[in-house]
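A short worksheet on the structure shown next.
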Amino acid sequence: MSISQVIPLAGQEPPATDPMARVRQMLAAKPDGVIEAIAREVGVPTLAVLEETPPQQRTAIAPERFEALWQELANWGSVLFIVHTPDIVLECEGALPVGSFGHGYYNIHGDSPIGGHIKAENCRAIYLVDRLFHGRRSCSVQFFNGAGEAMFKVFVRRDASRALIAEQVTLFEALKTRFA
């Protein structure tokens, strides 16, 4: 072990031993980093890391508003639907089908590549997230389960020049007043 691994350089803080202090250090060092990557590195739930981001980057929505929020998102046109697990970041572009409850699931089927069955009762937190991601503004609606892990995320899409689609940004901003 080298001396630099034991004694921090002048002006540097020693590594945090408290997990949440370490999360704050990592967010300060790379504020546009991947939330899930920080969570996994530190060993805390993804939601715990998100809740350490600046308050202006996240707006909470009551999980009881799941269906009303989904119905609103179903009017956005084509979105980017992401499921991010330790093993895969699955990205699917398409319109969110209008759903309905049945057999313990929120069922989504329609003329879209996005479809299936969501255990909506497992949704314990929903956040509107507006933060930089690798240097670019990113707007998403993120749904979390009781373990604090993302069930899935719905992102405002980008156009051919990688700019956020203005109409969807307007719809995203409106969610802050309608649902928060």
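Judged purely by atom type and a 3.5 angstrom limit, W76 has no side-chain atom pairing as donor or acceptor with the backbone of E167. Formation of a donor-acceptor pair under 3.5 Å by the R58 side chain with backbone atoms of E52 is not found in this model. Q142 contributes no side-chain N or O that, together with a main-chain N or O of A150, makes up a donor-acceptor pair within less than 3.5 Å. Judged purely by atom type and a 3.5 angstrom limit, Q168 uses its side chain to pair as donor or acceptor with the backbone of S78. Between the side chain of N145 and the main chain of M151, no donor-acceptor pair closer than 3.5 Å is present.
Of all the heavy atoms in A74 and V98, the pair that sits closest is CB-CG2, 4.0 Å. Between I126 and P63, the closest heavy-atom pair is CD1-CA, 3.8 Å. Here the closest heavy-atom approach between residue P19 and residue V44 is recorded as CB-CG1, 3.8 Å. Closest of all the heavy-atom pairs between A95 and S112 is O-OG, 2.5 Å. Heavy atoms only, all atoms of each residue included: T53 and I35 are closest at CG2-CD1, 3.9 Å. Scanning both residues, C139 and L164, for their nearest heavy atoms gives SG-CD1, 4.0 Å.
Side-chain contact between K30 and H134: present, with at least one pair of heavy atoms (C-beta onward) separated by less than 4.5 Å. Side-chain contact between V83 and I88 is absent, with no heavy atoms from C-beta onward closer than 4.5 Å. V89 has its side chain out of reach of E36: every pair of non-hydrogen atoms, C-beta onward, lies at least 4.5 Å apart.
By the criterion of side-chain heavy atoms lying less than 4.5 angstrom apart, applied directly or through intervening Ile, Leu, Val, Met, Phe, Trp or Tyr residues, F152 is grouped together with L128 in one hydrophobic cluster. Under a hydrophobic-cluster definition in which Ile, Leu, Val, Met, Phe, Trp and Tyr are linked whenever side-chain heavy atoms come within less than 4.5 Å, directly or via other members, L69 and Y106 are assigned to the same cluster. Both F179 and V79 are part of a single hydrophobic cluster, where members link through side-chain heavy atoms under 4.5 Å apart.
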*Just do the side chain to side chain contact (heavy atoms under 4.5 Å, CB included) check on L175 and V141 with the steps written out, would you?*
CA-CA 10 Å; L175 294 177; V141 184; 4.0 Å; yes

*R137 and V169: side chain to side chain contact (heavy atoms under 4.5 Å, CB included), yes or no, with the steps?*
CA-CA 11 Å; R137 182 182 183 195; V169 171; 3.8 Å; yes

*asked:* Run the side chain to side chain contact (heavy atoms under 4.5 Å, CB included) test on E173 and V156 for me, step by step, so that the C-alpha distance in whole Å, both residues' side-chain angles and the decisive distance to 0.1 Å come before the verdict.
replied: CA-CA 11 Å; E173 294 290 344; V156 169; over 6 Å; no

*Output, in order, the C-alpha distance, side-chain angles, deciding distance and verdict of side chain to side chain contact (heavy atoms under 4.5 Å, CB included) for V154 and F81.*
CA-CA 5 Å; V154 178; F81 187 86; 4.0 Å; yes

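Interatomic distance, CD of E51 versus OH of Y127, reported as 3.5 Å (0.5 Å rounding). Summarising the geometry, atom CD belonging to E93 is positioned 4.0 Å from atom CZ belonging to R157; distances are rounded to the nearest 0.5 Å. Here the CD-CZ distance, from E72 to R178, works out to 4.0 Å after rounding to the nearest 0.5 Å. In this structure, D130 CG and Q57 CD are separated by 8.0 Å, a value rounded to the nearest 0.5 Å. To the nearest 0.5 Å, atom CD1 of residue I108 and atom CD1 of residue I118 are 4.0 Å apart. Rounded to the nearest 0.5 Å, atoms CZ (R158) and OG (S138) are 6.0 Å apart.
Judged by the 6.0 Å and 45° rule, K119 forms a cation-pi pair with Y105.
For the residue pair N107 and H117, a side-chain donor N or O sits within less than 3.5 Å of a side-chain acceptor on the partner.
In this structure, D111 places its CG atom where only 12 or fewer heavy-atom neighbours from other residues, nucleotides or ligands lie under 6.0 Å away.
Ring planes of F66 and F101: tilted class, angle from 30 to 60°.
Scanning for ring pair (Phe, Tyr, Trp, His ring centres under 6.0 Å) contacts around F172 gives an empty result, with sequence neighbours left out.
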